[in-house]
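Read through the structure below, which is laid out as structure tokens, and then see the notes.
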Number of protein chains: 2
Amino acid sequence: MPARTPLDANAVLAATEEILRRHGPDKATVVDVARALGVSHAAVYKHFPSKQALREAVTRRWLDRNRDALAVIAADSAAPPAQRLRTWLHAVLAVKQAKIRQDPELFAAYGILAAAHSSVATDHVADLLGQLTAIIADGAADGSLRTDDAEATARVVFNATAKFNHLAHAAEWQNPGVGAELDEVCNLLLEGLRAPTSP
Amino acid sequence: MPARTPLDANAVLAATEEILRRHGPDKATVVDVARALGVSHAAVYKHFPSKQALREAVTRRWLDRNRDALAVIAADSAAPPAQRLRTWLHAVLAVKQAKIRQDPELFAAYGILAAAHSSVATDHVADLLGQLTAIIADGAADGSLRTDDAEATARVVFNATAKFNHLAHAAEWQNPGVGAELDEVCNLLLEGLRAPTSP
DNA sequence: CTGGTAACAGATGTCAAAATTTGTAACCTG
DNA sequence: CAGGTTACAAATTTTGACATCTGTTACCAG
């Protein structure tokens, strides 16, 4: 007896996200997902080649949402690049803090993928580095930020703010002082990036 | 029958370090330590109140050795403070890289304590921050580094180099490019700390 | 009273059997 | 033939009995 609803990949994804949210990444099974959809577990394998692929697809979806939200800040040409850099770095932190509070289970799923060196994680970092590069290149273009190579400088800034963007520090992000710490690091980095007033 | 050798706390410590090194922090038991010393495990509890305390004492010992080695660099008044800052940050990384290679089990024991927010870990960080503060204060004194508050600036520099000193990044320290990355971060930070040539 | 012992209860770890899950295959059906 | 089914082998997780470990107590010797 074929299922009444055609069951497209998107429905599987939505159900998986819900199961993941409810059960957490360790306990969520594809049998659970299938049960939630009212089909046999073999049916979900028609749409995704493996459990890993399912997890990656769900995670990639919300990472992409984050990326798009941050891209708005990175591309906001109304703000001067130095200001935009600071705002963007704070936003990266804020987005992840919010996710931890709202969807700790989905965040944990991302952590698992990152630890496994999944392309989902490396691609996400590449996306963020791209946005950072764009901001710094804008600053180089209008002369407000000094850099030889916007991409290299972006990597340096990203490394110097690892405490505020790398998952390994997620536990510390609950600390109330973390925003102020980031602000102080921004101050120093922006001081270093500021084009000298007189050479 | 009392033991022939009096068994002081130091002997217990040495035996524990050996067991820890051989078995790793997960498999090392105080029964093992007692067996190595030829006493009952209750005897060990005469010298240390708990297994946790034993682990902390061993770990504190090698952290103190590291601290002392780094203090030599921090206090080397022959090198200008900016240079000393760079050398010291590289040394912090190098010391930990070396420990991971030579004594991965002891390093893992330190990781466990840090994750448990043991005072051993927080004290170690405080020690390092103290050395960093001293270097920056030296720079402020001779006018080569610009800072309002050496201690606050030390915290900022420490945060900005978290990727190269925080245990959470230990896995990444195997990567060959890590030294170069630290160097680039140092370049930017020193640029930011450099007193302006003309105000 | 310092420093050791043996004996113990409760927590924790181990290990193999049982159950569940993953992924595949062979098979329906509109 | 896209999309579903049941049936099944292999991998993984759970379970539960058992062993070991942790920390305490009561006791002993110099």
Side-chain angles (χ1 to χ4, degrees), chain A residues 1-59 105 108-109 111-113 115-116 118 120, chain B residues 1-59 105-106 108-109 111-113 115-116 118-120:
Chain A
M1 177 204 317
R4 187 151 297 288
T5 53
L7 182 66
D8 63 341
N10 222 311
V12 176
L13 226 71
T16 303
E17 182 166 330
E18 181 54 25
I19 293 294
L20 221 40
R21 211 189 303 271
R22 197 190 310 283
H23 294 25
D26 294 334
K27 310 288 281 184
T29 74
V30 350
V31 172
D32 289 332
V33 173
R35 193 161 28 229
L37 290 164
V39 298
S40 72
H41 80 276
V44 341
Y45 279 93
K46 295 289 179 182
H47 296 278
F48 292 90
S50 69
K51 179 182 186 175
Q52 177 76 356
L54 246 184
R55 260 193 277 165
E56 294 194 352
V58 169
T59 304
E105 311 293 13
I112 289 171
L113 295 182
S118 159
V120 172
Chain B
M1 179 203 321
R4 187 151 299 286
T5 53
L7 182 65
D8 64 340
N10 222 311
V12 176
L13 247 129
T16 303
E17 180 164 334
E18 182 54 24
I19 294 293
L20 221 40
R21 211 190 302 274
R22 196 190 310 282
H23 294 30
D26 294 335
K27 310 288 280 182
T29 73
V30 349
V31 172
D32 288 334
V33 173
R35 194 160 28 228
L37 290 165
V39 297
S40 72
H41 79 278
V44 172
Y45 280 92
K46 295 290 179 179
H47 295 278
F48 292 90
S50 68
K51 179 183 187 177
Q52 177 76 357
L54 245 184
R55 261 192 280 168
E56 294 194 352
V58 169
T59 304
E105 311 292 13
L106 284 186
I112 289 171
L113 296 181
S118 159
S119 70
V120 172

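Convention: sequence-line order gives letters A, B, ...; per-chain numbering from 1.
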Atom pair distance, as rounded to whole Å: [atom1] in [X] and [atom2] in [N]:
| X | N | atom1 | atom2 | result |
| --- | --- | --- | --- | --- |
| B:Leu54 | D:dT22 | CG | P | 10 Å |
| B:Lys46 | D:dC27 | NZ | C1' | 10 Å |
| A:Leu37 | D:dG3 | CG | C1' | 14 Å |
| A:His41 | D:dA10 | NE2 | C1' | 12 Å |
| A:His23 | C:dT21 | NE2 | C1' | 13 Å |
| B:Asp8 | C:dG3 | CG | C1' | 12 Å |
| B:Tyr45 | D:dG23 | OH | P | 4 Å |
| B:Arg35 | D:dC21 | CZ | C1' | 11 Å |

Please report the closest heavy-atom contact between [X] and [Y], naming both atoms and the distance.
| X | Y | result |
| --- | --- | --- |
| A:Pro25 | A:Ala108 | CG-CB, 3.7 Å |
| A:Glu56 | A:Ser118 | OE2-OG, 3.0 Å |
| A:Arg21 | A:Glu105 | O-CG, 3.1 Å |
| B:Ala36 | B:Ile19 | CB-CD1, 4.2 Å |

Residue B:Ser40, side-chain atoms from C-beta onward, closest of D:dG23, C:dT5, D:dT5: C:dT5

Given D:dT5, D:dT24, C:dT21, the nucleotide with the shortest approach to the side chain of A:Ala42: D:dT5

B:Lys51 side-chain N/O to D:dT22 phosphate OP1/OP2 under 4.0 Å: yes

Distance below 4.0 Å between A:Lys27 side-chain N/O and D:dT14 OP1 or OP2: yes

A:Asp26 or B:Thr29, whichever maps to the more 5' nucleotide of DNA chain D: A:Asp26

Given DNA chain C, 5'-ward residue of the pair A:Ser50 and B:Ala43, judged by closest heavy atom: B:Ala43

Distance-only donor-acceptor test (3.5 Å): side chain B:His47, base C:dG3: no

Sugar-phosphate, base or nothing in reach of B:Val30, heavy atoms under 4.0 Å: sugar-phosphate

Pairwise side-chain contact, B:Leu20 with B:Leu54, heavy-atom cut-off 4.5 Å (strictly under): no

